[in-house]
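All remarks here apply to the structure that follows.
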Amino acid sequence: SVFIVQRAVGGEQISSIGRGICVLLGISLEDTHKELEHMVRKILNLRVFEDESGKHWSKSVMDKQYEVLCVSQFTLQCILKGNKPDYHMAMPADQAESFYNNFLEQLKKAYKPELIKDGKFGAYMQVNIQNDGPVTIELESPAATVDPKQLAKLEKQQQRKEKTRTKVPSESSRERNAPRNKDDPSASSGAEGDVSSEREP
């Protein structure tokens, strides 16, 4: 199979490989070095190629001494809100670029540097993939088992708590919530009830 990565503008070829695997890497907010190591190990040891006798699912990319082409792909972290894609679970670009480069370095150390290729991080690219089969396999690190919807809900709850903690009452609200003097003729029993109820947890 042949995998070619090109820039949309000018058609400049950035990177290409012959026989091997193309890795589309989606980096999550939750990903750490532990997940990185797991993915590197899985990618290099995944048995997706045939052996010398033609038996399928027998050899890894390292066994065959094939190439690996990596493309950073934040859209793999998509969460649909109705029909609209949402990418808040993807690691922000400034952090993800460092993570991606570290991922490439780990691949090179575990395999052969000259057999690891990559595209341009954050660039708009045309990716031409000639699949053999085709075979497309989704790999996910064990730690990434949290339901994204549940995580988003927890994040929103945390944000609300932080806003509540940092909220400073205005002068008017302090006056409004201040205890009224019993001798104040404008203070009705109903107003007193309202104030006391606001103080209860």
Side-chain angles (χ1 to χ4, degrees), residues 1-9 11-51 55-80 85-146 148 151:
S1 300
V2 180
F3 309 90
I4 302 174
V5 181
Q6 296 177 320
R7 292 181 63 181
V9 180
E12 173 196 353
Q13 180 173 301
I14 295 175
S15 187
S16 67
I17 65 171
R19 187 102 166 136
I21 56 177
C22 180
V23 176
L24 304 179
L25 181 69
I27 305 171
S28 165
L29 271 173
E30 298 179 290
D31 286 336
T32 66
H33 192 76
K34 181 180 179 181
E35 282 76 57
L36 185 152
E37 289 180 337
H38 173 87
M39 297 308 293
V40 167
R41 187 168 62 252
K42 277 293 182 183
I43 287 166
L44 295 179
N45 290 284
L46 189 66
R47 293 185 296 176
V48 292
F49 298 103
E50 69 280 355
D51 62 15
K55 182 181 178 182
H56 295 293
W57 318 110
S58 300
K59 297 292 183 179
S60 69
V61 70
M62 286 201 301
D63 293 332
K64 303 290 283 187
Q65 294 294 288
Y66 287 163
E67 296 173 283
V68 179
L69 175 60
C70 300
V71 180
S72 178
Q73 184 55 275
F74 74 92
T75 62
L76 289 172
Q77 295 299 331
C78 171
I79 296 174
L80 287 179
D86 180 275
Y87 302 112
H88 77 274
M89 286 302 299
M91 185 180 289
D94 55 343
Q95 301 170 40
E97 184 171 11
S98 175
F99 193 98
Y100 177 68
N101 289 332
N102 194 5
F103 171 77
L104 291 172
E105 286 304 311
Q106 294 301 319
L107 274 176
K108 291 175 181 178
K109 286 180 182 178
Y111 191 22
K112 292 183 177 180
E114 66 273 15
L115 296 181
I116 305 296
K117 308 290 180 65
D118 71 301
K120 285 191 176 181
F121 182 90
Y124 180 82
M125 294 177 290
Q126 293 177 337
V127 182
N128 300 320
I129 304 174
Q130 182 180 324
N131 271 346
D132 187 359
V135 175
T136 303
I137 296 176
E138 181 180 3
L139 296 177
E140 192 167 352
S141 57
T145 55
V146 179
L151 183 62

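For the numbers below, each heavy atom of this structure counts, side chains included, while hydrogens, waters and symmetry mates do not.
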Subject >> Validation row: Glu50, His56 side chains within 4.5 angstrom (heavy atoms) >> reply: yes
Original post:
Is it the case that more than 12 heavy atoms not belonging to Glu114 sit under 6.0 Å from its CD atom?
Top reply: yes
Original post:
Where do Phe103 and Ser72 land on the side-chain contact (heavy atoms from CB on, under 4.5 Å) test, with the steps shown first?
Top reply: CA-CA 10 Å; Phe103 171 77; Ser72 178; over 6 Å; no
Original post:
What is the distance from atom SG of Cys78 to atom CD of Gln73, rounded to the nearest 0.5 Å?
Top reply: 10.5 Å
Original post:
Using 30° and 60° as the class limits, which term best fits the ring planes of Tyr66 and Phe49: parallel, tilted or perpendicular?
Top reply: perpendicular
**OP:** State, to 0.1 Å, how close Tyr111 and Ile116 come at their nearest heavy-atom pair, and which atoms those are.
**Re:** CD2-CD1, 3.9 Å
Subject >> Atom pair CZ/CG of Phe99 and Leu25 - distance to nearest 0.5 Å >> reply: 7.0 Å
**OP:** Work out which heavy atom in Ala90 is nearest to a heavy atom in Leu29; give both atom names and the distance.
**Re:** O-CG, 3.9 Å
Original post:
Is there a donor in the side chain of Asp63 and an acceptor in the side chain of Ser60, or the other way round, less than 3.5 Å apart?
Top reply: yes
**OP:** Mark yes or no for whether Lys117, through its side chain, and Ile14, through its backbone, hold a donor-acceptor pair below 3.5 Å.
**Re:** no
Original post:
Can we say Arg19 and Asp132 salt-bridge, meaning some charged N sits less than 4.0 Å from an Asp/Glu carboxylate O?
Top reply: yes
**OP:** Take Ile27 and Phe74 through the test side-chain contact (heavy atoms from CB on, under 4.5 Å) and record every step on the way to the result.
**Re:** CA-CA 6 Å; Ile27 305 171; Phe74 74 92; over 6 Å; no
Subject >> Distance (rounded to the nearest 0.5 Å) between Ile137 CD1 and Arg47 CZ >> reply: 11.5 Å
**OP:** Provide the closest heavy-atom pair for Met89 versus Glu30 in the form atom of the first, atom of the second, distance.
**Re:** CE-OE1, 4.4 Å
Original post:
Can you tell me how far SG of Cys70 sits from CG of Leu107, rounded to the nearest 0.5 angstrom?
Top reply: 5.0 Å
Original post:
What is the minimum heavy-atom distance between Leu76 and Leu24, and which atoms define it?
Top reply: CD1-O, 3.2 Å
Original post:
What closest approach, in Å, do Asp31 and Gly26 show between heavy atoms, and which atom pair accounts for it?
Top reply: OD2-O, 4.1 Å
**OP:** For the pair Ser98 (side chain) and Ala96 (backbone), establish whether a donor and an acceptor sit closer than 3.5 Å, ignoring hydrogens and angles.
**Re:** no
Original post:
Does the side chain of Thr75 come within less than 4.5 Å of Pro85's, by heavy atoms?
Top reply: no
**OP:** Quick one: pull up NZ in Lys64 and CD1 in Ile21 and give me the separation to the nearest 0.5 Å.
**Re:** 13.5 Å
Original post:
Can you check side-chain contact (heavy atoms from CB on, under 4.5 Å) on Lys112 and Gln65, steps first, answer last?
Top reply: CA-CA 9 Å; Lys112 292 183 177 180; Gln65 294 294 288; 2.5 Å; yes
Original post:
What closest approach, in Å, do Val61 and Ile43 show between heavy atoms, and which atom pair accounts for it?
Top reply: CG1-O, 4.0 Å
Subject >> Rounded distance (nearest 0.5 Å) linking atom CG of Asp118 with atom NZ of Lys120 >> reply: 10.5 Å
**OP:** Flag the pair Ser16 / Leu69 as yes when at least one side-chain heavy-atom distance between them is below 4.5 Å, and no otherwise.
**Re:** no
Original post:
Is a donor on one side and an acceptor on the other found under 3.5 Å between the side chain of Gln77 and the backbone of Tyr87?
Top reply: no
**OP:** Could you check Leu115 against Val68 for side-chain contact (heavy atoms from CB on, under 4.5 Å), going step by step and ending with a plain yes or no?
**Re:** CA-CA 6 Å; Leu115 296 181; Val68 179; over 6 Å; no
Original post:
Do any N or O atoms from the side chain of Glu35 and from the backbone of Thr32 form a donor-acceptor pair under 3.5 angstrom?
Top reply: yes
